[in-house]
Amino acid sequence: MKQFFNKLEELYPWLGWWPITPKNEVTPIYSKSKKILLTNENKFEILVGAILTQNTSWNNVIKAIQNLKKLKILSPENFLNQKKNIVIQAIKSSGYFNQKYKKLFILCEFLEKNSFENLEKYKTIELREKFLGLWGIGKETADSMVLYAFNKKIFVVDTYTRRILSRNKLIEENLEYDEIRILIEKNIPNSLYKYKNYHAAIVEICKTNCKKKPLCDGCVFK
DNA sequence: CGCCAGGGCCTCA
DNA sequence: TGAGGCCATGGC
């Protein structure tokens with residue numbers, strides 16, 4: 001396991017996750033620097049992106065984010081004040097738009113009552129529980145939010161993580177989400193940037209080689 | 001054309 | 001608690 005993550009870091013020293021849209025632009029980009037100060041708009045964009053990308057390719061999410069940016073739907077308040085049809089149209093490319101509209105709506109109502117400043121005071125697990133309590137947010141989405149929008153150390157376990165670890169015989173196939181998460185957290189350094197980058201690297205490798213139908217030629221983990 | 005994508009909810013045993 | 005159905009668009 002430790003060997004696996006060392007190799008991962010060697011391959012991808014820094015992927016710049018989570019992609020954020022720079023001020024006065026509309027397209028999210030990956031950050032060259034590890035330390036960036038997130039504005040509330042940035043944080044909101046990450047939370048929205050985490051929901052929009054559920055079981056959806058990031059390319060489809062980018063278009064939705066671009067539309068939301070152009071419509072200046074950059075805050076919970078603006079989202080809630082915007083007409084449903086307009087928002088649905090904006091996020092259409094990300095698929096499941098009816099469900100996702102509802103999820104975003106519920107998230108925004110939550111954020112109106114709980115400012116980022118207040119949410120940041122919670123401990124990691126407590127903040128996770130807060131998000132998990134919202135309809136439409138499961139463990140992976142909650143953990144993405146906690147890690148990338150709030151810079152709190154929790155490892156994001158997605159289908160890619162389960163796939164690549166089980167293919168490399170580092171975990172049993174039917175291990176539960178939190179069992180995998182805790183196992184990984186025990187085996188990696190206590191570093192926020194590594195938590196982010198290891199997850200990003202797993203996604204990257206699974207997109208290129210360790211696909212559902214694996215391209216085992218040139219696999220670095222052979 | 002079919003498959004897949006940075007999941008989660010609901011239903012029914 | 002586990003399996004199966006459902007949600008939906010766009011790239012390949």
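- Side-chain proximity of A:P19 to B:dG6, C:dA8, B:dG7: nearest is B:dG6.
- Aromatic ring pairs are classed by plane angle as parallel below 30°, tilted from 30° to 60° and perpendicular above 60°; the pair A:W18 and A:Y148 is tilted.
- With contacts defined as side-chain heavy-atom distances shorter than 4.5 Å, the pair A:L215/A:T208 does not qualify.
- Computed from coordinates, the A:K211 NZ to B:dA5 P distance equals 9 Å when rounded to whole Å.
- The base of B:dG6 is paired with the side chain of A:Y30 by a donor and an acceptor separated by under 3.5 Å.
- Contact between the side-chain N/O atoms of A:S57 and the OP1/OP2 oxygens of B:dG6 is not found at any separation under 4.0 Å.
- In this structure, of B:dG7, C:dA8, C:dG11, it is B:dG7 that holds the atom nearest to the side chain of A:T159.
- When the nucleotides C:dT9, B:dG7, B:dA5 are ranked by their closest atom to the side chain of A:Q54, B:dG7 comes out on top.
- To the nearest angstrom, C1' of B:dA5 lies 8 Å from OH of A:Y96.
- At whole-Å resolution of the value, CD in A:Q99 and C1' in C:dT9 are 13 Å apart.
- At a threshold of 4.0 angstrom between heavy atoms, the contacts of A:N59 with the nucleic acid are absent.
- Within residues 129-149 of chain A, no residue places a heavy atom under 4.0 Å from DNA chain C.
- The CD1 atom of A:I88 sits 11 Å away from the P atom of C:dT9 (whole-angstrom rounding).
- Of the residues near DNA chain B, A:D158 and A:K102, the one whose nearest nucleotide (by heavy atom distance) lies more toward the 5' end is A:D158.
- Of the two residues near DNA chain C, A:T56 and A:E176, the one whose nearest nucleotide lies more 5' is A:E176.
- In this structure, A:W58 does not pack face-to-face on the six-membered ring of B:dA5, missing the 5.5 Å centre cutoff or the 30° plane limit.
- Between the NZ atom of A:K212 and the C1' atom of C:dC12 there is a distance of 16 Å, rounded to whole Å.
- For A:K207 and B:dG6, the NZ to P distance is 5 Å, given to the nearest whole Å.
- Note that CD of A:E172 is 9.5 Å distant from OG of A:S166, once rounded to the nearest 0.5 Å.
- A:K63 comes within 4.0 angstrom of the backbone, heavy atoms only, and of no base.
- When distances run from any side-chain atom of A:K103 to the nucleotides B:dG7, B:dG6, C:dT9, the shortest one goes to B:dG7.
- With a cut-off of 3.5 Å on both Watson-Crick or G-U wobble distances, the partner of B:dG8 is given as C:dC6.
- As judged by a 4.0 angstrom heavy-atom cut-off over every strand, A:F97 is placed among residues touching the sugar-phosphate backbone only.
- Here NZ of A:K83 is found 14.0 Å from CD of A:Q89. Values are rounded to the nearest 0.5 Å.
- Annotation: C:dG2 and B:dG6 have their P atoms spaced 26 Å apart (nearest Å).
- Stacking of A:K32 on the aromatic ring of A:W14 is not recorded, the 6.0 Å distance cut-off and the 45° axial limit not both being met.
- Two rings, from A:F44 and A:F116, have their centers 6.0 Å or more apart.
- Between A:Y101 and A:F79, a ring centre-to-centre spacing shorter than 6.0 Å is recorded.
- Rounded to an integer number of Å, the gap from CG of A:N209 to P of B:dC4 is 17 Å.
- Atoms CG and CH2, on A:N197 and A:W17 in that order, are 10.0 Å from each other to the nearest 0.5 Å.
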A:K72 vs A:N78, side-chain hydrogen bond (donor to acceptor under 3.5 Å, both in side chains): CA-CA, chis, key distance, verdict: CA-CA 7 Å; A:K72 300 194 184 305; A:N78 289 356; over 6 Å; no
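- Distances shown here put a side-chain N or O of A:N98 below 4.0 Å from the OP1 or OP2 atom of C:dA8.
- Under 4.0 angstrom from either OP1 or OP2 of B:dA5 there lies at least one side-chain N or O belonging to A:R163.
- Rounded to whole angstrom, the span from the NZ atom of A:K213 across to the C1' atom of B:dC3 amounts to 9 Å.
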